[in-house]
J.: 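Take a look at this one; I'll ask things after.
Chain A is the first sequence line, chain B the second, and so forth, proteins listed ahead of strands; every chain is numbered from 1. A quick note: this is a predicted structure, and the numbers were derived from the prediction, not measured.
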Protein chains: 2
Amino acid sequence: MHGESNETAINILYQAGLKRTPGRIALLKLLLSSPHPLSQQEIASRLEKVRLNRVSIYRSLHTFLQSGIVHRVESGDRTWRFAVCGCGSRGHCHPHFICSRCGRVECLSGFKMPETGYLQPGYVVEEQELYLRGRCATCTGAVTGDGS
Amino acid sequence: MHGESNETAINILYQAGLKRTPGRIALLKLLLSSPHPLSQQEIASRLEKVRLNRVSIYRSLHTFLQSGIVHRVESGDRTWRFAVCGCGSRGHCHPHFICSRCGRVECLSGFKMPETGYLQPGYVVEEQELYLRGRCATCTGAVTGDGS
DNA sequence: ATTTTAGATGGAATATTTTTGCAAACAGGT
DNA sequence: ACCTGTTTGCAAAAATATTCCATCTAAAAT
């Protein structure tokens, strides 16, 4: 299924100058294969077979974050969610949609962040986060449902 | 100083159909007089003289939130911050600025939220939050500093 | 003014998530 | 095969938010 993501994960780690340990590769593979940001709990439960400690997950995510490999989303339930971001910076390059019903968080890739030229003098913006909260297509029942 | 905010607080509670208890009035007065959102910890330390329990603060804020009296800001350090919002809804009617150095959170009142007509079909946006993270005027040293 | 009642409060305790410390294990290079 | 700095595992701590239940109070009714 995700045979190539193994190579991709190793390559990303190599590019960032990080050691390619089995745990990190598995973690990064998981993030690469997920269509939406994952919480540490979700990651831990999906990585049980790899037997990667939660603290190690926490620290690896922390390292990834500092290297700009992942970005961190605060979805409103006091848990951070992580996703691989192609933009390579620590900031957010796109808005995020949070479903208020199912809690799912989605990256709205392809959408630019709004312009912000309206700050008071002296203020410097380093990064910005735009969260849209509402109902996803599944929860509004608008999905046509073509299987899977 | 804030003699009138006492009346204002009582009036707000009355309009919302909530009981005007001393604790709630003190809490609302504090929020009304604060230029930026406050965390529960900040509120508790500033309300020590009133001897209002932290749980009561938590519950009052929860009630205020449901009544649309306050709005809740997630500033990135996993603590909620609360501020009185004139818009009367539970959503956010303006962006928030978070200083990455001093942690201060400011309401960017007067600025409209960006348009969001670009969602996929089936998605419904109930509210949106825009956070700008960076350095405030104080932390960039851009304040002219006319005393105080 | 007294009574009544739904709602608010206090204090302790619980839940959840994040973060740290230290010793053992490992990756990557020589 | 060996060395060194990094990573991991396990236990434990921190920090914040949330719940429980008995008691008290605001505000309306008598």
Side-chain angles (χ1 to χ4, degrees), chain A residues 6 9-30 37-67 69-82 103 105, chain B residues 6 9-30 37-67 69-82 103 105:
Chain A
N6 205 347
I10 292 175
N11 195 36
I12 290 175
L13 289 171
Y14 180 76
Q15 294 291 336
L18 300 173
K19 289 193 173 176
R20 284 83 77 188
T21 69
R24 282 183 176 174
I25 294 170
L27 171 58
L28 198 45
K29 260 177 67 178
L30 174 62
L38 296 174
S39 68
Q40 296 187 42
Q41 197 173 71
E42 291 171 319
I43 292 170
S45 71
R46 297 197 196 183
L47 244 46
E48 270 184 343
K49 42 207 151 192
V50 191
R51 287 184 36 72
L52 186 61
N53 190 281
R54 295 192 170 209
V55 179
S56 299
I57 293 173
Y58 163 77
R59 275 180 293 215
S60 291
L61 289 171
H62 196 258
T63 304
F64 290 176
L65 192 65
Q66 299 230 315
S67 300
I69 295 177
V70 301
H71 67 261
R72 195 172 66 177
V73 181
E74 198 159 15
S75 62
D77 56 357
R78 284 187 351 281
T79 65
W80 283 335
R81 285 155 203 272
F82 299 83
V105 179
Chain B
N6 204 348
I10 292 176
N11 195 37
I12 289 175
L13 289 172
Y14 179 76
Q15 295 291 336
L18 299 174
K19 289 192 176 179
R20 283 83 77 189
T21 69
R24 283 183 176 176
I25 294 170
L27 171 59
L28 198 44
K29 261 175 68 178
L30 173 63
L38 296 174
S39 67
Q40 297 186 40
Q41 197 174 71
E42 290 172 319
I43 292 170
S45 71
R46 298 196 196 182
L47 245 45
E48 271 184 343
K49 42 207 151 191
V50 190
R51 288 183 35 69
L52 185 61
N53 190 281
R54 296 195 167 205
V55 179
S56 298
I57 293 173
Y58 163 77
R59 275 179 296 211
S60 292
L61 289 171
H62 197 258
T63 304
F64 291 176
L65 190 65
Q66 299 231 316
S67 300
I69 295 176
V70 302
H71 67 260
R72 193 172 66 175
V73 181
E74 199 161 14
S75 62
D77 56 358
R78 285 187 346 283
T79 65
W80 304 119
R81 283 156 205 271
F82 298 84
V105 179

J.: Please encode protein proximity along nucleotides 22-30 of chain D as a string of B, S and -, counting only heavy-atom distances under 4.0 Å.
T.: ----BS---
J.: Can B:Leu18 and B:Phe64 be said to form a side-chain contact (heavy atoms from CB on, under 4.5 Å), step by step?
T.: CA-CA 9 Å; B:Leu18 299 174; B:Phe64 291 176; 4.1 Å; yes
J.: For B:Thr21, what residues pass the side-chain hydrogen bond (donor to acceptor under 3.5 Å, both in side chains) criterion, not counting sequence neighbours?
T.: none
J.: Listed by chain and number, what are the salt bridge (charged side-chain N to carboxylate O under 4.0 Å, His left out) partners of B:Arg81, not counting sequence neighbours?
T.: B:Glu42, B:Asp77
J.: Rounded off to whole Å, could you give me the CD1-to-P distance for the A:Ile25 and D:dT6 pair?
T.: 19 Å
J.: Is any side-chain heavy atom of B:Thr79 closer than 4.5 Å to one of B:Gln40?
T.: no
J.: Could you give the distance from OG (A:Ser60) to CD1 (A:Ile25), rounded to the nearest 0.5 Å?
T.: 11.0 Å
J.: Roughly how far, to the nearest 0.5 Å, is the CZ atom of A:Arg72 from the NE2 atom of A:His62?
T.: 7.0 Å
J.: Of all nucleotides in DNA chain C that come within under 4.0 Å of a heavy atom of chain B, which is furthest toward the 5' end and which toward the 3' end?
T.: C:dA6 to C:dT19
J.: Let me test you: for the helix from C:dA1-D:dT30 to C:dT30-D:dA1, what is the angle between the axes at its two ends (five pairs each), rounded to 10 degrees?
T.: 30°
J.: Contact list please: residues 52-64 of chain B against DNA chain C, heavy atoms, distance less than 4.0 Å, in numerical order.
T.: B:Leu52, B:Asn53, B:Val55, B:Ser56, B:Arg59, B:Ser60
J.: First locate atom CD of B:Gln15, then atom CG of B:Leu13, and finally report the distance between them rounded to the nearest 0.5 Å.
T.: 10.0 Å
J.: Minimum heavy-atom separation for A:Ala16 and A:Ile69, please, with both atom names.
T.: CB-CD1, 3.8 Å
J.: Give, for atom CZ of B:Arg46 and atom CG of B:Leu52, the distance between the pair rounded to the nearest 0.5 Å.
T.: 15.0 Å
J.: Any side-chain heavy atom of B:Val50 within less than 4.5 Å of one from B:Leu30?
T.: no
J.: For the residue pair A:Leu27 and A:Leu61, establish whether any side-chain heavy-atom pair is separated by less than 4.5 Å.
T.: yes
J.: Please report the distance, rounded to the nearest Å, between CZ in B:Arg81 and P in D:dA17.
T.: 10 Å
J.: Check whether any side-chain heavy atom of A:Val73 lies under 4.5 Å from a side-chain heavy atom of A:His71, and answer yes or no.
T.: yes
J.: D:dA17, OP1 or OP2 - any side-chain N/O from B:Gln40 closer than 4.0 Å?
T.: yes
J.: Which distance, rounded to the nearest 0.5 Å, do you find between the CZ of B:Arg20 and the CD1 of B:Ile12?
T.: 13.0 Å
